[in-house]
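Order of the sequence lines sets the chain letters (A, B, ...), proteins ahead of strands, with each chain counted from 1. For clarity, every value in this text was computed on a predicted model and none was experimentally measured.
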Amino acid sequence: MVKLLMPRAKDLDTVASDDLVDKKMSINEKVYDIMGHAKSSLSSILVNPKVFDFGEKGEEEKVLVVVRAHWFTNLSWIITFVFMLFVPALMNFIPIPGEIVTKYKLLISLFWYLVSFAFGLEKFLAWYFDVVIITDKRVIDIDFGNLLVKKFSEARLIMIQDITSKVSGFFQTIFNYGKVKVQTAGEMPEIIFENIPNPEKIIKILQILRDEEIKKNASREGML
Amino acid sequence: MNQDINNFLTIIEKIIGMIGSIIYLIFSGVIVKQVTMMSKNINDKYNGLLIAVSYFHLVAAIVLVLMVVMIL
């Protein structure tokens with residue numbers, strides 16, 4: 001009896017489907033939903049970074065995701081760097097014919113430590129500044145090849161035609177990183193991102209953003 | 001005669017040391033330039049620290065040149 005008195009919701013038949021609810025999520029929320037939150041500025045994936053900025057950014061452009069190479073790709077140079085630091089100490093155990101004068105030892109050690117430091121710094125810089133940036137308008141690959149070479153590739157989201165990923169080999173499979181290839185209809189036929197962590201999530205984000213851009217474009221054309 | 005050879009070798013040593021350390025100094029200057037350029041292009045949390053580290057490296061390279069001049 002009590003149940004009969006309860007008013008029936010008038011809009012039961014017009015409750016939004018899951019798709020419609022999904023559409024209400026902002027792009028930021030969708031990206032968070034897929035990628036999660038970055039724990040540190042030194043993470044391989046930064047989601048909606050507050051501090052991050054780049055020179056070619058448009059005024060109204062918003063950086064959604066910044067991706068660096070997977071941390072595991074740094075392991076080889078970190079091991080080499082640590083080994084290089086121990087080389088002067090190890091040299092004491094190797095018998096050398098004749099005797100090296102102390103002043104030479106000092107100079108050679110200083111030079112060696114500087115070279116080791118420069119090696120580590122160069123490798124870190126290459127990792128830190130080689131980034132893939134996904135904004136709400138385009139996807140950008142900034143690549144600092146060596147000392148003074150900068151390569152900048154971009155593709156507008158709406159121009160993206162096909163996105164593929166490739167995870168091959170033992171370590172890539174274990175740590176889930178690999179190559180993402182973005183084929184575009186623009187001047188740059190394809191952009192390749194190497195050693196990207198979670199390639200399938202990156203693909204998903206790019207697909208969502210591309211679809212959003214296509215919808216926006218369609219509605220703009222409809223209005224005209 | 002031996003004294004002459006020793007003097008000659010010392011001069012050669014000094015020249016090689018100087019050239020090596022100056023080349024390294026130029027290289028460390030290039031690193032500073034590189035980090036500054038990268039930081040202009042990409043602005044992130046640790047840019048300031050990286051620029052400071054590159055300048056520290058440059059100072060260490062200058063110390064190396066001075067040590068080569070004084071020691072050799």
Side-chain angles (χ1 to χ4, degrees), chain A residues 38-46 49-57 63 66-68 100-133 140-152 154, chain B residues 2-3 5-72:
Chain A
K39 292 179 185 75
S40 154
S41 291
L42 290 175
S43 293
S44 292
I45 298 177
L46 305 175
K50 289 187 173 54
V51 182
F52 189 91
D53 199 3
F54 62 101
E56 293 83 357
K57 189 172 151 243
V63 177
V66 177
V67 191
R68 296 188 175 102
I100 300 174
V101 187
T102 317
K103 65 179 184 181
Y104 293 145
K105 268 188 183 172
L106 184 70
L107 268 183
I108 292 167
S109 298
L110 178 67
F111 181 70
W112 181 259
Y113 283 126
L114 275 178
V115 169
S116 308
F117 182 77
F119 169 77
L121 183 63
E122 272 297 315
K123 291 290 181 186
F124 179 78
L125 291 175
W127 175 79
Y128 188 75
F129 286 109
D130 282 5
V131 286
V132 172
I133 305 165
I140 300 151
D141 181 23
I142 298 177
D143 195 4
F144 291 93
N146 53 41
L147 278 179
L148 293 172
V149 176
K150 181 194 169 191
K151 191 179 143 211
F152 179 92
E154 68 155 352
Chain B
N2 276 346
Q3 188 64 36
I5 291 170
N6 276 343
N7 287 341
F8 178 71
L9 287 177
T10 311
I11 290 166
I12 294 292
E13 242 175 47
K14 197 155 191 161
I15 289 169
I16 290 171
M18 282 293 291
I19 290 170
S21 58
I22 286 170
I23 287 172
Y24 194 84
L25 181 64
I26 293 167
F27 169 67
S28 57
V30 171
I31 290 180
V32 172
K33 177 75 184 159
Q34 179 198 25
V35 177
T36 315
M37 191 193 79
M38 285 172 162
S39 299
K40 273 183 194 163
N41 283 291
I42 293 170
N43 184 21
D44 205 353
K45 197 176 176 181
Y46 296 104
N47 284 19
L49 178 69
L50 287 171
I51 291 170
V53 167
S54 68
Y55 273 104
F56 168 77
H57 181 245
L58 180 69
V59 170
I62 292 168
V63 170
L64 180 73
V65 175
L66 294 176
M67 280 180 74
V68 167
V69 172
M70 285 186 296
I71 292 175
L72 290 184

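Between the CG atom of B/Asp44 and the CZ atom of A/Arg68 there is a distance of 5.0 Å, given to the nearest 0.5 Å. Taken from CG in B/Asn47 to CZ in A/Phe129, the straight-line distance is 4.5 Å, to the nearest 0.5 Å.
Of the two parts of B/Ser39, the backbone and the side chain both hold a non-hydrogen atom closer than 4.5 Å to a non-hydrogen atom of chain A. For A/Leu106, the part lying under 4.5 angstrom from a heavy atom of chain B is the side chain only. Residue A/Val66: no heavy atom, backbone or side chain, is found under 4.5 Å from chain B.
Contact count versus chain B (heavy atoms, under 4.5 Å) is highest, among A/Val131, A/Val51, A/Leu110, A/Leu114, for A/Leu114. For the options A/Phe54, A/Tyr128, A/Phe52, A/Phe117, heavy-atom pairs under 4.5 Å to chain B are most numerous at A/Tyr128. Ranked by non-hydrogen atom pairs under 4.5 Å with chain A, the options B/Val53, B/Val63, B/Leu64 are led by B/Leu64.
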Please evaluate residues B/Leu50 and A/Phe124 with respect to the criterion side-chain contact (heavy atoms from CB on, under 4.5 Å), reporting the C-alpha separation (whole Å), side-chain torsions for both, the decisive distance (0.1 Å), and the verdict. CA-CA 10 Å; B/Leu50 287 171; A/Phe124 179 78; 3.6 Å; yes
Please test B/Leu58 against B/Ile31 for side-chain contact (heavy atoms from CB on, under 4.5 Å), starting from the C-alpha separation and ending with a verdict. CA-CA 8 Å; B/Leu58 180 69; B/Ile31 290 180; over 6 Å; no
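For A/Tyr113, the OH atom counts as densely surrounded, since its 6.0 Å shell holds more than 12 non-hydrogen atoms of other residues, nucleotides or ligands. A/Lys123 NZ: 12 or fewer foreign heavy atoms inside a 6.0 Å radius. The environment of A/Phe119 atom CZ is dense: over 12 non-hydrogen atoms of other residues, nucleotides or ligands sit within 6.0 angstrom. By the neighbour-count criterion of 12 heavy atoms within 6.0 Å, atom NZ of B/Lys45 is sparsely surrounded, having that number or fewer from other residues, nucleotides or ligands.
Contact residues of residues 15-23 of chain B toward chain A are absent (heavy-atom distance under 4.5 Å).
A side-chain donor-acceptor contact under 3.5 Å links A/Asp130 to the backbone of A/Phe144.
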